[in-house]
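Throughout, protein chains are lettered first and strands after them, A, B, ... in sequence-line order, and every chain is numbered starting at 1. Please read all numbers here as calculations on a predicted model, not as lab measurements.
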Protein chains: 2
Amino acid sequence: MKKYEAISAEIKRRIMEKEYSTDSPIPDEISLAKEFACSRMTMKKALDVLVMEGLLYRKRGHGTFIVKSAIDNKLVNVGTGESLGLTNLLKNKKIESKIVLYEVMFPNEEVASHLSITTKTPVYHIVRLRIVDGEPYVLEDTYMPSDLISGLTEEILHFSIYQYIKEKLGLTIAGSHRKIRACKSNELDQQYLNCASDDPILEVEQVSYLNTGTPFEYSFSRHRYDKFFFTAVSILKP
Amino acid sequence: MKKYEAISAEIKRRIMEKEYSTDSPIPDEISLAKEFACSRMTMKKALDVLVMEGLLYRKRGHGTFIVKSAIDNKLVNVGTGESLGLTNLLKNKKIESKIVLYEVMFPNEEVASHLSITTKTPVYHIVRLRIVDGEPYVLEDTYMPSDLISGLTEEILHFSIYQYIKEKLGLTIAGSHRKIRACKSNELDQQYLNCASDDPILEVEQVSYLNTGTPFEYSFSRHRYDKFFFTAVSILKP
DNA sequence: CAGTGGTCTAGACCACTCC
DNA sequence: GAGTGGTCTAGACCACTGG
């Protein structure tokens, strides 16, 4: 365990257990560094983690304060650090996948540009219905370069593509860029998500990339509006 | 200008102007530190900024790489660092506000808990329709403790509450926690946003807090589905 | 092995706030 | 002036990668 992570976890525990008052600042960085026997830079890095999570806020010249709304609403640890993929997000649920479409094709201009490839590079085109605890949840429309994500089988599609990429292909997923919007449901949504024609859809458009910077996935996840919301933490610069 | 910000901006410029190849790593941290006449820690901090924006990715033992999908799709600088408030987001547009409701009331349990106050603390309850370039855009339902955000007038509501908080009250807005979801439109939405009964709504539920950690706003922003999408960058830890 | 990024140190000075 | 966080330094050692 890295030192700053251990310290960060301990401070977080103290905040959650209300061992620090929310009306006055927590101890200053130098005192905390002394207590945890580390340098001030390391202490700062430990606190940075909690600032990023929206749990702490610093006031220059004053001190470091607890964000009251965070502790009350337990909203921490969402946003930029979370894992990708339903399989990771819902570890305790039973997830099934129904394969609606599975083909290899040449991408159109739009798909190609998001994947940083040409329209001559073949891609997998996969449409999967993800079913959580027996209920239809999200319809995923995914494009992946077939030379990059090689060896896909229906068996993998029934489980987790991300896990295959990480564990079998040995690739490292670095992050993603997303757009979240509301839209009307189309016939495909209604058919597979079992929703009414006036039920809205929460759509997440996403480009995911590997730790080489290469995009490996361009996808549209269409969620039932009653099964999903997206959370985010914004930290403004002073 | 802080040194690391200046360096960060210069590196970003080089990436955008394609002065670095996307197929090989950018120069290593030590070389860059030498070039910019700074310590390696400062160089690292400058690169951290771009990693956070999803523009760069580091591979330990290999080097630092450009995220291809970021440069292609110009998706940078969205996510956790953006300013709050429509007035900031759409600086070049003409924004009008129609006040639908403006009252002082005692909050219910839910509102009170999100604002970390009791149900005995009076709050402003404001419903505003925001109109951008003549088109209805978003219906905002906002609660703010009236003792904290004092002296609100209809004139301010017609312009920007956030600007008033920052410039007139001298308070500093630190950040916010958000939930984004799709929902069906209700009669109020249809009336003010001029949308059809089967038009979906993109709702952003938000708790914003000051740099003291005190929540000052609990709000629901109901956006026309064809006028708004939310963007986010996820950076996963290795 | 050399080269990369990741962590950590022990200090320094600066910017800001309050008294 | 005293106390806070913000930046920056010049190193050190570690973890991981490739040849």
**Student:** I want to verify a distance call: between C:dC8, D:dG5, D:dT7, whose nearest atom is closest to the A:Thr64 side chain?
**Tutor:**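 Nearest to the side chain of A:Thr64 among the choices is D:dG5.
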**Student:** In chain order, what residues pass the side chain to side chain contact (heavy atoms under 4.5 Å, CB included) check against B:Ile30, with sequence neighbours excluded?
**Tutor:**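 In terms of side chain to side chain contact (heavy atoms under 4.5 Å, CB included), with neighbours along the sequence ignored, B:Ile30 is linked to B:Asp28, B:Arg40.
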**Student:** With sequence neighbours left out, write down each residue that passes side chain to side chain donor-acceptor pair (under 3.5 Å) with A:Thr119, or none if nothing qualifies.
**Tutor:**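 Counting only residues at least two positions away or on another chain, A:Thr119 forms no side chain to side chain donor-acceptor pair (under 3.5 Å).
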**Student:** Return the value, rounded to whole Å, for the distance between atom CD of B:Glu29 and atom C1' of D:dG11.
**Tutor:**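 My rounded result for the distance is 15 Å.
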**Student:** Atom CG of B:Asn211 to atom C1' of C:dT17: distance rounded to whole Å?
**Tutor:**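 To the nearest whole Å, that distance equals 12 Å.
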**Student:** Check DNA chain C against residues 35-45 of chain A and give the residues with a non-hydrogen atom under 4.0 Å, in numerical order.
**Tutor:**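 Those residues are A:Ala37, A:Cys38, A:Ser39, A:Arg40, A:Met41, A:Thr42, A:Lys45.
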**Student:** Whether A:Tyr4 contacts C:dT7 is assessed here as follows: a side-chain N or O lying under 4.0 Å from the phosphate OP1 or OP2. Is that the case?
**Tutor:**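 Yes, A:Tyr4 has a side-chain N/O under 4.0 Å of OP1/OP2 on C:dT7.
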**Student:** Under 4.0 Å from OP1 or OP2 of C:dT4: is there any side-chain N or O of B:Arg58 that close?
**Tutor:**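 Checking B:Arg58 against C:dT4: no side-chain N or O falls below 4.0 Å of OP1 or OP2.
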**Student:** Under the ring-ring contact (aromatic ring centres under 6.0 Å, His included) rule, collect the residues that match up with B:Phe220, sequence neighbours excluded.
**Tutor:**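 Applying ring-ring contact (aromatic ring centres under 6.0 Å, His included) to B:Phe220 gives B:Tyr218.
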**Student:** Could you give the CG-to-P distance, from A:Asp28 to C:dA15, as a whole number of Å?
**Tutor:**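 In whole Å, C:dA15 P and A:Asp28 CG are 21 Å from each other.
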**Student:** Enumerate all atom pairs, one protein N or O and one N or O from nucleotides 14-19 of chain D, separated by less than 3.5 Å.
**Tutor:**
residue, atom, partner, partner atom, Å
D:dA15, O4', B:Arg60, NH2, 2.9
D:dT17, O3', B:His62, NE2, 2.4
D:dG18, OP1, B:His62, NE2, 3.2

**Student:** I need the CD1-C1' distance between B:Ile7 and D:dT9, as an integer number of Å.
**Tutor:**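 My rounded result for the distance is 13 Å.
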**Student:** Do any side-chain atoms of residues 142-153 of chain B form donor-acceptor pairs under 3.5 angstrom with protein atoms, and if so which ones, sequence neighbours left out?
**Tutor:**
residue, atom, partner, partner atom, Å
B:Tyr143, OH, B:His125, NE2, 3.3
B:Ser146, OG, B:Pro122, O, 3.2
B:Thr153, OG1, B:Glu155, N, 3.4
B:Thr153, OG1, B:Ile156, N, 3.3

**Student:** So for the helix from C:dC1-D:dG18 to C:dC18-D:dG1, with five pairs setting each end axis, what is the inter-axis angle to 10°?
**Tutor:**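 Answer for the end axes of this duplex: 10°.
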**Student:** State which residues pass side chain to side chain contact (heavy atoms under 4.5 Å, CB included) with B:Ser24; sequence neighbours excluded, sorted by chain then number.
**Tutor:**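 For B:Ser24, the residues satisfying side chain to side chain contact (heavy atoms under 4.5 Å, CB included) (neighbours in sequence not counted) are B:Ser21.
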**Student:** Throw together a table of side-chain donor-acceptor distances under 3.5 angstrom for residues 43-50 of chain A, partners on residues two or more places apart or in other chains.
**Tutor:**
residue, atom, partner, partner atom, Å
A:Lys44, NZ, A:Glu29, OE1, 2.9
A:Lys44, NZ, A:Glu29, OE2, 3.3
A:Asp48, OD1, A:Arg58, NH1, 2.9
A:Asp48, OD1, A:Arg58, NH2, 3.1

**Student:** Calculate the interatomic distance between B:Leu32 atom CG and C:dG3 atom C1'; express it in whole Å.
**Tutor:**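 After rounding, the reported distance stands at 14 Å.
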**Student:** Do the charged groups of B:Arg178 and B:Glu205 touch, with an N to O distance under 4.0 Å?
**Tutor:**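 Salt bridge: no.
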**Student:** Mind checking what makes side chain to side chain contact (heavy atoms under 4.5 Å, CB included) contact with B:Glu17, not counting sequence neighbours?
**Tutor:**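 With sequence neighbours excluded, B:Glu17 shows a side chain to side chain contact (heavy atoms under 4.5 Å, CB included) to B:Arg13, B:Glu19, given in chain and number order.
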**Student:** In whole angstrom, give the distance that lies between atom NZ of B:Lys2 and atom C1' of D:dC8.
**Tutor:**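 It works out to 13 Å between those atoms.
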**Student:** Does a side-chain heavy-atom distance below 4.5 Å link A:Ile126 with A:Ile161?
**Tutor:**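 In contact.
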**Student:** Give the rounded distance in Å between these two atoms: CG of B:Leu56 and P of C:dT4.
**Tutor:**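 In whole Å, C:dT4 P lies 16 Å from B:Leu56 CG.
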**Student:** Rounded off to whole Å, could you give me the CG-to-C1' distance for the B:Asp48 and D:dG6 pair?
**Tutor:**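 Nearest whole value for this atom pair: 15 Å.
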**Student:** Sequence neighbours excluded, which residues qualify as side chain to side chain contact (heavy atoms under 4.5 Å, CB included) partners of B:Lys2?
**Tutor:**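 Side chain to side chain contact (heavy atoms under 4.5 Å, CB included) check on B:Lys2 returns B:Tyr4, B:Glu5.
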**Student:** Do any side-chain nitrogens or oxygens of A:Lys3 fall under 4.0 Å of OP1 or OP2 in C:dT9?
**Tutor:**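 For A:Lys3, the contact criterion (side-chain N or O under 4.0 Å from OP1 or OP2 of C:dT9) is met.
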**Student:** Are the side chains of A:Val67 and A:Thr22 in contact, using a 4.5 Å heavy-atom criterion?
**Tutor:**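 No, their side chains stay 4.5 Å or more apart.
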**Student:** Would you please name every residue forming a salt bridge (charged side-chain N to carboxylate O under 4.0 Å, His left out) with B:Glu203, sequence neighbours left out?
**Tutor:**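 If we apply the salt bridge (charged side-chain N to carboxylate O under 4.0 Å, His left out) test to B:Glu203, skipping adjacent residues, the hits are B:Arg181, B:Arg222.
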